[in-house]
Amino acid sequence: MAAASSSDYNGCGAESNEANSKWLDAHYDPMANIHTFSACLALADLHGDGEYKLVVGDLGPGGQQPCLKVLKGPLVMTESPLPALPAAAATFLMEQHEPRTPALALASGPCVYVYKNLRPYFKFSLPQLPPNPLEQDLWNQAKEDRIDPLTLKEMLESIRETAEEPLSIQSLRFLQLELSEMEAFVNQHKSNSIKRQMSLPSVPVFLEVSGQFDVEFRLAAACRNGNIYILRRDSKHPKYCIELNAQPVGLIRVHKVLVVGSTQDSLHGFTHKGKKLWTVQMPAAILTMNLLEQHSRGLQAVMTGLANGEVRIYRDKALLNVIHTPDAVTSLCFGRYGREDNTLIVTTRGGGLIIKILKRTAVFVEGGSEVGPPPAQAMKLNVPRKTRLYVDQTLREREAGTAMHRAFQTDLYLLRLRAARAYLQALESSLSPVSATAREPLKLHAVVSIWVQGLGPTFKLTLHLQNTSTARPVLGLLVCCLYNEALYSLPRAFFKVPLLVPGLNYPLETFVESLSNKGISDIIKVLVLREGQSAPLLSAHVNMPGSEGLAAA
């Protein structure tokens, strides 16, 4: 069945319709019953007839019925059961004579199976380790019918919680069964010898290999401890180690860059020496990753399947394309399928299958809606060269760094002490124009204006007093002016303040007469007092201007 299953995003900030989409919807089947991951998908010409098939290592519904499926177009050609859950699938050429038909390598459980013409050809098994003696004794009792399946289940769960050695695959699969299925499983497998597989300090979950085996190759392994180890040929220990802040969910090599997806919904780019190049934040959790390689245009990009049903395609940190799917994506595969060179295979969480074909005229262009930091952040700064003075100063700071830090801390403490003393002195002497107490919410502002009367200048001093309270009026205030009587004369140097209504600005005026004929000016102190209190509530220092008229005379 073919249907329009998804919409396409053109990378320029808007969704496009079917006419200008880069993809053709070839097939969509929500009931295809395919449950797999990207590592278990492979495209290959298995029969040498030019017709590429899709090889699927299927986990089965609930991981209970693993099998190997081969699809031709939308149909399943063959289906064969597997002894254990598949982990990865790959095709390779093992013969030089014509026709050169590829072989299929499938990792399933502790073994790697090699298929030739879809028939078992080789089997490579990992070395076995001795099982837990208690676990072996329980299965021996089950073999002799001395223990029932329910008791066997309880005892195996107890061993799994307390023992340091992990259980065998047979016991782990038995613990996953329902009660109705346990008796049949015991009767089928009680005669088999249990085996424990090899254990490593950190389990690798993703592998990426580059180079030739006979010359030089690199192996990048992303492990469950959140680290990526990079090894070279003939090296017993990792050459480099990349420490991630979260668990890896995918590892893809694009040219010389290792692209890693993490559980923090982000995509990272690293060099083969572990240097971080860039980071892109995703709008949802990353479920799967794979490589998109378009040979006709020399394009290599990373495909990411997100939990919100999007498939995003990136070249480095530039977003090239977004495809919307009806369900969360669990696996991706791009390559030649059938006789089409550029085909995208998508499987969804519900077991659906989506096949899309890239148009021959489609060109991936970096869009303006790029996710992540702006392009200007990646531009290199024109840093000037280090001068001799800079080098000498750096050496001096390196040698005397402790003494310089102590001197800086001492000066900082002295500055804070002086500021605190000045603030305390201002509060005690009421030098601030704003009252510091909640009982007297006042604010004072003084303005001086000049009024020339006759030959001698006369100044008018205007004081603006405001009650900053929200509801309570202020009554019983006095204003007192302190000045040098040899320089100034104030006919109204002490007067009462009327009732102050909250929020209103009251201008209080008085005249100041300059007595000096030498043009000398001084400061007049204005104090706001409360009746019966000696300490002023507010104070202001008014810098009086010079008497120009008397100076000219």
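For reference, positions follow the sequence shown, starting with 1. The basis for the numbers below is simple: all heavy atoms, side chains too, and nothing from hydrogens, waters or symmetry mates.
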### Task
To the nearest 0.5 angstrom, please state how far the NZ atom of Lys356 sits from the CG atom of Asn342.
14.0 Å
### Query
Ignoring hydrogens and geometry, is there a side-chain-to-backbone donor-acceptor pair from Gln281 to Asp265 under 3.5 Å?
yes
### Query
Could you walk me through whether Val254 and Leu291 pass the side-chain contact (heavy atoms from CB on, under 4.5 Å) check?
CA-CA 8 Å; Val254 181; Leu291 178 67; 4.0 Å; yes
### Query
What's the shortest heavy-atom distance between Cys40 and Ala88, and which atoms?
SG-N, 3.9 Å
### Query
Does any non-hydrogen side-chain atom of Arg398 lie less than 4.5 Å from one of Thr394?
yes
### Message
Looking at Glu154, I want to see if its CD is surrounded by more than 12 non-hydrogen atoms of other residues, nucleotides or ligands under 6.0 Å.
### Response
yes
### Task
Show the numbers, then the answer: is there a side-chain contact (heavy atoms from CB on, under 4.5 Å) between Val329 and Thr288?
CA-CA 7 Å; Val329 177; Thr288 184; 4.1 Å; yes
### Task
Give a yes or no on whether Met182 atom CE has more than 12 heavy-atom contacts from other residues, nucleotides or ligands under 6.0 Å away.
yes
#### Entry: Shortest non-hydrogen contact from Gly269 toward Val257
CA-CG1, 4.1 Å
### Task
Check for a donor-acceptor pair, side chain of Ser262 on one end and backbone N or O of Ala246 on the other, with a separation under 3.5 Å.
no
### Message
Tell me every residue that passes ring-ring contact (aromatic ring centres under 6.0 Å, His included) with His189, counting only those two or more places apart in sequence or in another chain.
### Response
Phe185
### Query
Pairs in or reaching into residues 104-115: which pass salt bridge (Lys or Arg N to Asp or Glu O under 4.0 Å), with residues at least two apart or in two chains?
none
### Task
Enter the distance from Arg297:CZ to Leu299:CG here, rounded to the nearest 0.5 Å.
9.0 Å
### Query
Does Glu51 have any side-chain hydrogen bond (donor to acceptor under 3.5 Å, both in side chains) partners at least two apart in sequence or in another chain, and if so, which?
Arg339
### Query
Does Thr304 use its side chain to pair, donor to acceptor, with the backbone of Arg312 at less than 3.5 Å?
yes
### Query
With a cut-off of 6.0 Å (strictly less than), are more than 12 heavy atoms of other residues, nucleotides or ligands near CZ of Phe174?
yes
### Message
Counting neighbours of NZ on Lys276 that are heavy atoms of other residues, nucleotides or ligands and sit closer than 6.0 Å, is the number greater than 12?
### Response
yes
### Message
With heavy-atom distances below 4.5 Å as the criterion, would you say the side chains of Lys359 and Leu24 are in contact?
### Response
yes
### Query
Say you draw a straight line from CG of Leu75 to NE2 of His27; how long is it, rounded to the nearest 0.5 Å?
8.0 Å
### Query
Should the ring pair Phe364 and Trp23 be called parallel, tilted or perpendicular, given that the plane angle runs from 0 to 90° and is split at 30 and 60?
tilted
### Task
Please list, chain by chain and in numerical order, all residues satisfying salt bridge (Lys or Arg N to Asp or Glu O under 4.0 Å) with Glu144, sequence neighbours excluded.
Arg146
### Summary
Between Phe206 and Gly250 the two heavy atoms that sit nearest each other are CE1-N, 3.6 Å
### Task
Check for a donor-acceptor pair, side chain of Asn290 on one end and backbone N or O of Leu332 on the other, with a separation under 3.5 Å.
yes
### Task
Check whether any side-chain N or O of Asn187 sits under 3.5 Å from a backbone N or O of Glu183 as a donor-acceptor pair, and report yes or no.
yes
### Arg336 and Leu43, any side-chain heavy atoms less than 4.5 Å apart
no
### Task
In sequence, state the C-alpha distance, the side-chain angles, and the governing distance for Lys22 and Val363, and then conclude on side-chain contact (heavy atoms from CB on, under 4.5 Å).
CA-CA 8 Å; Lys22 294 181 174 62; Val363 178; over 6 Å; no
### Query
Considering residues, nucleotides and ligands other than His47, do more than 12 of their heavy atoms fall under 6.0 Å from its NE2?
yes
### Task
Return yes if some donor-acceptor pair links the side-chain N/O of Tyr337 with the main-chain N/O of Gly73 below 3.5 Å, else return no.
yes
### Query
When you check the side-chain N and O atoms of Asn132 and Gln136, is any donor under 3.5 Å from an acceptor?
no
### Ala284 versus Leu306, closest heavy-atom pair with distance
O-CD2, 4.1 Å
#### Entry: Candidate pair Val114 and Phe124, rule side-chain contact (heavy atoms from CB on, under 4.5 Å), full reasoning
CA-CA 8 Å; Val114 178; Phe124 301 94; 3.9 Å; yes
### Query
To the nearest 0.5 Å, how far apart are CD in Glu397 and OG1 in Thr402?
12.5 Å
### Pairwise side-chain contact, Leu54 with Val70, heavy-atom cut-off 4.5 Å (strictly under)
no
### Query
Will you find, in the side chains of Gln247 and Thr263, an N or O donor that is under 3.5 Å from an N or O acceptor?
no
### Query
Considering only heavy atoms from C-beta outward, does the side chain of Pro120 approach that of Tyr115 to under 4.5 Å?
yes
### Message
Can you confirm whether Tyr390 is buried at OH, in the sense that more than 12 heavy atoms of other residues, nucleotides or ligands lie under 6.0 Å from that atom?
### Response
no
### Message
With a 4.5 Å cut-off on side-chain heavy atoms, are Ile230 and Leu258 touching?
### Response
yes
### Under the salt bridge (Lys or Arg N to Asp or Glu O under 4.0 Å) test, residues paired with Arg119 that sit two or more places apart
none
### Message
I need the single residue from Thr78, Val55, Ile34, Ile345 that forms a side chain to side chain contact (heavy atoms under 4.5 Å, CB included) with Leu71. Which is it?
### Response
Ile34
### Asp316 versus Tyr314, side-chain donor and acceptor atoms under 3.5 Å
no
### Task
With Gln300 as reference, evaluate Arg253, His255, His295 under the side chain to side chain contact (heavy atoms under 4.5 Å, CB included) test and give the passing residue.
His255
### Query
Heavy-atom distance under 4.5 Å between the side chains of Val302 and Ile313, does that happen here?
no
### Message
Treating Glu181 as the side-chain partner and Gln176 as the backbone partner, does any N or O pair qualify as donor plus acceptor under 3.5 Å?
### Response
no
#### Entry: Where Ala328 and Ala307 come nearest, the two heavy atoms and their spacing
CB-O, 3.8 Å
### Query
Out of curiosity, Leu267 CG to Lys317 NZ, how far, rounded to the nearest 0.5 Å?
12.5 Å
### Message
Is a donor from one side chain sitting under 3.5 angstrom from an acceptor on the other, for His35 and Asn33?
### Response
yes
### Message
Looking at Glu340 and Arg360, is any side-chain nitrogen of the basic one under 4.0 Å from a carboxylate oxygen of the acidic one?
### Response
yes
### Query
Could Lys69 and Asp58 be called an ion pair, given the rule that one side-chain N must be under 4.0 Å from one carboxylate O?
yes
### Query
Rounded to the nearest 0.5 Å, what separation is found between the NZ atom of Lys116 and the CZ atom of Phe122?
10.0 Å
### Query
Are any non-hydrogen side-chain atoms of Leu46 and Tyr52 less than 4.5 angstrom apart?
no
#### Entry: Flag for Ser331-Thr36: side-chain donor and acceptor within less than 3.5 Å
no
### Task
Please report the closest heavy-atom contact between Ile286 and Ser266, naming both atoms and the distance.
CD1-O, 3.6 Å
### Under the side-chain hydrogen bond (donor to acceptor under 3.5 Å, both in side chains) test, residues paired with Asp148 that sit two or more places apart
Thr151
#### Entry: Pair Thr330, Thr347: side-chain N/O donor-acceptor within cut-off below 3.5 Å
yes
